[in-house]
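Note sheet for the following structure.
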Amino acid sequence: MNVRELFEILASLPPVARVVVDDFEGVFDDVAFAKAVAIRGNANQDAHYYGPRLADDLQPSETAACIGAACTRGARLTVADMEADKARGIW
């Protein structure tokens with residue numbers, strides 16, 4: 001994806017939307033997507049590792065513009081995942 005393509009996608013999203021990145025341990029990769037995602041802020045108890053915001057389709061606190069890498073690494077942690085882990089006693 002180049003800057004023009006990214007700009008066109010971002011221009012279709014609300015101009016005041018937070019911008020988040022699909023991130024993992026500081027590596028660089030080509031951008032594969034930019035899209036609106038439903039997130040909940042301050043949802044992650046392990047925020048120092050995964051970050052404070054998680055995907056949440058059930059009770060999001062905001063919609064953000066998410067930019068993601070072509071080669072994702074690691075698991076996607078959502079609010080639903082965290083709730084399931086809590087129920088199993090993991091968190």
Side-chain angles (χ1 to χ4, degrees):
M1 179 175 296
N2 62 38
V3 172
R4 177 174 294 167
E5 293 166 333
L6 179 60
F7 178 76
E8 288 172 1
I9 293 167
L10 292 177
S12 72
L13 301 174
V16 295
R18 177 187 309 274
V19 177
V20 296
V21 294
D22 185 8
D23 182 32
F24 188 76
E25 296 188 0
V27 297
F28 296 102
D29 201 348
D30 291 328
V31 170
F33 66 86
K35 62 183 179 181
V37 294
I39 63 172
R40 188 187 314 175
N42 299 320
N44 187 1
Q45 295 176 4
D46 197 11
H48 71 281
Y49 186 76
Y50 289 110
R53 294 171 191 86
L54 298 176
D56 187 2
D57 290 330
L58 300 177
Q59 296 177 329
S61 60
E62 64 183 294
T63 298
C66 179
I67 299 171
C71 182
T72 58
R73 295 161 182 86
R76 298 273 191 288
L77 184 65
T78 67
V79 170
D81 296 331
M82 183 170 286
E83 294 299 322
D85 286 349
K86 282 186 207 175
R88 289 193 299 267
I90 295 173
W91 245 291

- prompt: Going hydrophobic residue to hydrophobic residue with side-chain gaps under 4.5 angstrom, can you get from Phe7 over to Ile67?
  reply: no
- prompt: Which pairs count as side-chain hydrogen bond (donor to acceptor under 3.5 Å, both in side chains) when at least one residue sits in residues 7-21, sequence neighbours excluded?
  reply: Arg18-Glu62
message: Give me the atom names and distance for the closest heavy-atom approach of Ser61 to Gly41.
response: OG-N, 3.1 Å
side-chain contact (heavy atoms from CB on, under 4.5 Å) partners for Leu13, two or more places apart: Leu10, Ala36, Ala65
statement: In short, Met1 meets Glu5 closest at the heavy-atom pair CA-OE1, 3.1 Å
- prompt: Considering all heavy atoms of both residues, which atom of Ala34 and which atom of Ile9 are nearest to each other, and what is their separation?
  reply: O-CG2, 3.0 Å
Residues forming a side chain to side chain donor-acceptor pair (under 3.5 Å) with Glu83, sequence neighbours excluded: Lys86
message: Listing request: all salt bridge (Lys or Arg N to Asp or Glu O under 4.0 Å) pairs with a residue in residues 30-43, at least two apart in sequence or in separate chains.
response: Arg40-Asp56
